[in-house]
J.: 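Here it is, the structure, as structure tokens.
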Amino acid sequence: MDILSIQQQAEKEIKGANDLKELNLVFEKYLGRKGEISKFFRSLKDLPLEQRKIQGKKANQVKEVLEKKIQEKRTILSKKPFQEIKRAELDVTQPGERINLGHLSILTYAKREVIDFFKSIGFEIIESPEVETEYYNFDALNIPDYHPARDSMDTFWLKNKEKSKDKFLLRTHTSPSQIRYMEKHKPPFRVITPGRVFRYEAIDASHEAQFYQVEGLAVSKDIGLANLRYVLENFLKYFFGREVNLRWRPGYFPFVEPGLEVDIECQVCQGKGCPTCKYAGFIELAGAGMVHPNVLKNGGINPYKWQGFAFGLGLDRLVMMRHNINDIRLFHSGDLRFMSQF
Ligand code: FA5
């Protein structure tokens with residue numbers, strides 16, 4: 001077919017297109033990759049150079065004209081009023097199309113529940129930086145450079161852009177918020193810091209390299225381990241909606257004295273032992289204790305006048321236990337089959 005016949009035929013079909021679907025078919029037929037115009041260009045390769053130039057120029061002009069006409073027709077068709085849609089096209093008895101709405105992660109919902117509980121018993125909710133300095137993450141918390149406790153928190157160190165005496169890192173726990181808060185506030189006070197923490201460690205069913213903690217700190221005059229226990233037990237009762245079996249055992253953290261670890265009975269296996277709890281029947285949920293006098297001092301608080309308790313709860317593990325999730329890696333898997341259950 002010569003180029004003028006192609007043009008005439010295409011223009012007729014553009015005019016005759018009744019809706020956008022038909023118009024798209026016309027577009028494909030003439031201007032698509034395998035359309036008539038492309039075919040025409042390919043057929044020119046055997047012509048003498050002069051002829052090729054003339055025909056090629058013509059074909060380019062036709063291509064432009066057709067593109068313009070299709071665009072104009074598209075504008076007209078997309079404004080076609082609703083009333084003009086043929087009755088037969090519209091079946092009002094058809095069920096509607098389901099729209100899948102996204103929602104927040106279960107970890108975010110859980111974080112909000114934790115905040116609601118602690119707010120209701122008079123705790124203030126604070127934030128603290130995820131990029132920390134060595135001073136706040138370790139030194140001020142009574143963990144000097146040589147201290148073996150640093151090994152329990154493998155650290156992502158950051159490269160300093162400028163020369164500075166502070167070494168930067170991704171916080172390995174939410175405890176630096178204790179010092180930052182104490183520096184700026186006078187006791188008595190009680191606060192929680194929910195937030196993300198990072199550890200350069202091997203991941204498995206109950207360990208992630210990035211997870212959430214909720215730090216708690218309450219400083220006053222008459223405050224002790226009994227208060228800590230009362231607060232944590234009531235929180236867990238609220239969070240689980242029932243009593244859960246806990247195990248309180250001595251634990252060592254340089255920033256508390258005495259220190260405790262709180263374990264919860266593994267809800268995946270009901271304490272029988274499974275890969276999630278590494279066959280222990282219990283899983284570690286929190287570190288806690290009475291704030292070490294050196295830490296109060298580093299925060300500018302007189303340890304002879306004031307005392308307080310602190311805890312650091314693992315939020316991911318808390319959610320795992322409530323919903324029988326057997327692997328912490330599912331939270332960041334991006335698997336919609338997992339996410340949409342909550
Ligand atoms: C700490 O991080 C202390 N800062 C907690 C603390 C605060 C103690 C205040 C005393 C006073 P630990 O490393 O044990 O401690 O972590 C606390 C909790 O975070 C654990 O009990 C656990 O629930 C959770 N956790 C720790 N490591 C991981 C991990 N890799 N993946 C998921 N959760 C973790």
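Numbers here simply count residues along the sequence, with the first being 1. Start at 1 and go down the list; that is how both ligands and their atoms are numbered.
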J.: Hey, what's the ring geometry for His173 with Phe138, parallel, tilted or perpendicular (30° and 60° as the breaks)?
T.: tilted
J.: Distance from Ile192 atom CD1 to Gln213 atom CD, nearest 0.5 Å?
T.: 13.0 Å
J.: Under 4.0 Å from any heavy atom of Glu201, which atoms of ligand 1 are there?
T.: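 That gives atoms 29 (C), 30 (N) of ligand 1.
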J.: Specify side chain, backbone, both or neither for Glu284, according to which of its non-hydrogen atoms lie closer than 4.0 Å to ligand 1.
T.: both
J.: Tell me the contacting part of Phe255 for ligand 1: side chain, backbone, both, or neither, using a 4.0 Å heavy-atom threshold, strictly below.
T.: side chain
J.: Which of the atoms of ligand 1 are close to Ala310, meaning less than 4.0 Å from one of its heavy atoms?
T.: 9 (C), 11 (C)
J.: Can you name the atoms of ligand 1, numbered from 1 with element, that are less than 4.0 Å from a heavy atom of Arg199?
T.: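 Once the distances to Arg199 are compared, the set is 1 (C), 2 (O), 12 (P), 13 (O), 16 (O), 26 (C), 27 (N).
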J.: Does the side chain of Val256 reach to within under 4.5 Å of the side chain of Met290, using non-hydrogen atoms?
T.: no
J.: Does an N or O from Gln213, backbone or side chain, lie closer than 3.5 Å to an N or O of ligand 1?
T.: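 Checking ligand 1 against Gln213, an N or O pair does fall under 3.5 Å apart.
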J.: Can you tell me which residue and heavy atom of the protein come closest to atom 22 (C) of ligand 1, and the distance to 0.1 Å?
T.: Arg317 NH1, 3.5 Å
J.: Between Lys29 and Glu36 (salt bridge meaning N to carboxylate O under 4.0 Å), is one present in this structure?
T.: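 No, this pair does not count.
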J.: Quick one: does Asp316 get a heavy atom under 4.0 Å from ligand 1?
T.: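 Under 4.0 Å: no for Asp316.
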J.: Are Arg322 and Glu113 close enough, and set up right, to give a salt bridge (Lys or Arg N to Asp or Glu O under 4.0 Å), and what steps lead you there?
T.: CA-CA 13 Å; Arg322 189 172 69 176; Glu113 284 172 65; 2.7 Å; yes
J.: Do Ser175 and Glu215 pair up side chain to side chain, a donor and an acceptor below 3.5 Å, judged on atom types alone?
T.: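 Yes - a donor-acceptor pair under 3.5 Å links their side chains.
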J.: Could you tell me the residue and atom name of the protein heavy atom closest to atom 5 (C) of ligand 1, and the distance to it rounded to 0.1 Å?
T.: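 Of the protein heavy atoms, Gly312 CA, 3.9 Å lies nearest.
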J.: Got a salt bridge between Glu208 and Arg317, using NZ or NE/NH1/NH2 to carboxylate O under 4.0 Å?
T.: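 Arg317 and Glu208: not salt-bridged.
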J.: So which bit of Ile328 gets within less than 4.0 Å of ligand 1, heavy atoms only: side chain, backbone, both or neither?
T.: side chain
J.: Are Arg190 and Glu124 close enough, and set up right, to give a salt bridge (Lys or Arg N to Asp or Glu O under 4.0 Å), and what steps lead you there?
T.: CA-CA 6 Å; Arg190 45 199 152 160; Glu124 188 187 339; over 6 Å; no
J.: Purely on distance, is any nitrogen or oxygen of Gly289 under 3.5 Å from one on ligand 1?
T.: no
J.: Using a strict 4.0 Å cut-off to heavy atoms of Phe311, name the atoms of ligand 1 that fall inside it.
T.: 7 (C), 9 (C)
J.: Do Glu183 and Arg180 meet the salt-bridge criterion of a basic N to acidic O distance under 4.0 Å?
T.: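 Answer for the salt bridge query: no.
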J.: Among all protein non-hydrogen atoms, which one is nearest to atom 8 (C) of ligand 1, and what is the separation to 0.1 Å?
T.: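 Protein heavy atom at minimum distance: Gly287 C, 3.3 Å.
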J.: Charged N to carboxylate O under 4.0 angstrom, Asp145 versus Arg150?
T.: yes
J.: Pick out which of Val291, Ile223, Ile301 makes a side-chain contact (heavy atoms from CB on, under 4.5 Å) with Trp306.
T.: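 Answer to the side-chain contact (heavy atoms from CB on, under 4.5 Å) test with Trp306 among Val291, Ile223, Ile301: Ile301.
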J.: Test salt bridge (Lys or Arg N to Asp or Glu O under 4.0 Å) on Asp204 and Arg329; report intermediate values, then the result.
T.: CA-CA 8 Å; Asp204 61 26; Arg329 289 166 287 199; over 6 Å; no
J.: Does the residue Glu261 have a heavy-atom contact with ligand 1, meaning some pair of atoms that are separated by less than 4.0 Å?
T.: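 No, that is not the case, since the closest heavy atom of the residue is not under 4.0 Å from the ligand.
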J.: Are Gly251 and ligand 1 in contact, using a heavy-atom cut-off of under 4.0 Å?
T.: no
J.: Check the angle between the aromatic planes of Phe235 and Tyr238 and answer parallel, tilted or perpendicular using the 30° and 60° thresholds.
T.: tilted
J.: I'd like to check whether His173 has a polar contact with ligand 1, where a contact means an N/O of the residue lying under 3.5 Å from an N/O of the ligand.
T.: yes
J.: Applying the side-chain contact (heavy atoms from CB on, under 4.5 Å) criterion to Trp248, which one of Leu225, Asp263, Leu232 satisfies it?
T.: Leu232
J.: Looking at Ser206, which atoms of ligand 1 are within less than 4.0 Å of one of its heavy atoms?
T.: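 Counting atoms of ligand 1 from 1, those under 4.0 Å from Ser206 are 31 (N), 32 (C).
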J.: Using ring centroids (six-membered ring only for Trp), state whether Phe338 and His332 fall under 6.0 Å.
T.: no
J.: Considering only heavy atoms, does Leu285 approach ligand 1 within less than 4.0 Å through its side chain, its backbone, both, or neither?
T.: backbone
J.: Suppose I only count heavy atoms of Ala286 and a 4.0 Å limit; which atoms of ligand 1 are within that range?
T.: 21 (O)
J.: Closest non-hydrogen protein atom to atom 29 (C) of ligand 1, residue and atom name please, with distance?
T.: Phe211 CE2, 3.4 Å
J.: Under 3.5 Å between some N or O of ligand 1 and some N or O of His207?
T.: no
J.: Does ligand 1 have a heavy atom under 4.0 Å from the side chain of Ala209, from its backbone, from both, or from neither?
T.: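 None of Ala209 does.
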J.: Nearest to atom 15 (O) of ligand 1, what protein heavy atom do you find, and at what distance?
T.: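 Answer, as residue, atom name and distance: Phe253 CE2, 3.3 Å.
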J.: In terms of atom number and element, which parts of ligand 1 are under 4.0 angstrom from non-hydrogen atoms of Met153?
T.: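 Near Met153, the atoms of ligand 1 are 1 (C), 2 (O).
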J.: Please list, in number order, the atoms of ligand 1 under 4.0 Å from a heavy atom of Gln178.
T.: 9 (C)
J.: With heavy atoms under 4.0 Å as the rule, classify the contact between Ser175 and ligand 1 as side chain, backbone, both or neither.
T.: side chain
J.: Looking only at distance, does Glu208 have an N or O less than 3.5 Å from an N or O of ligand 1?
T.: yes
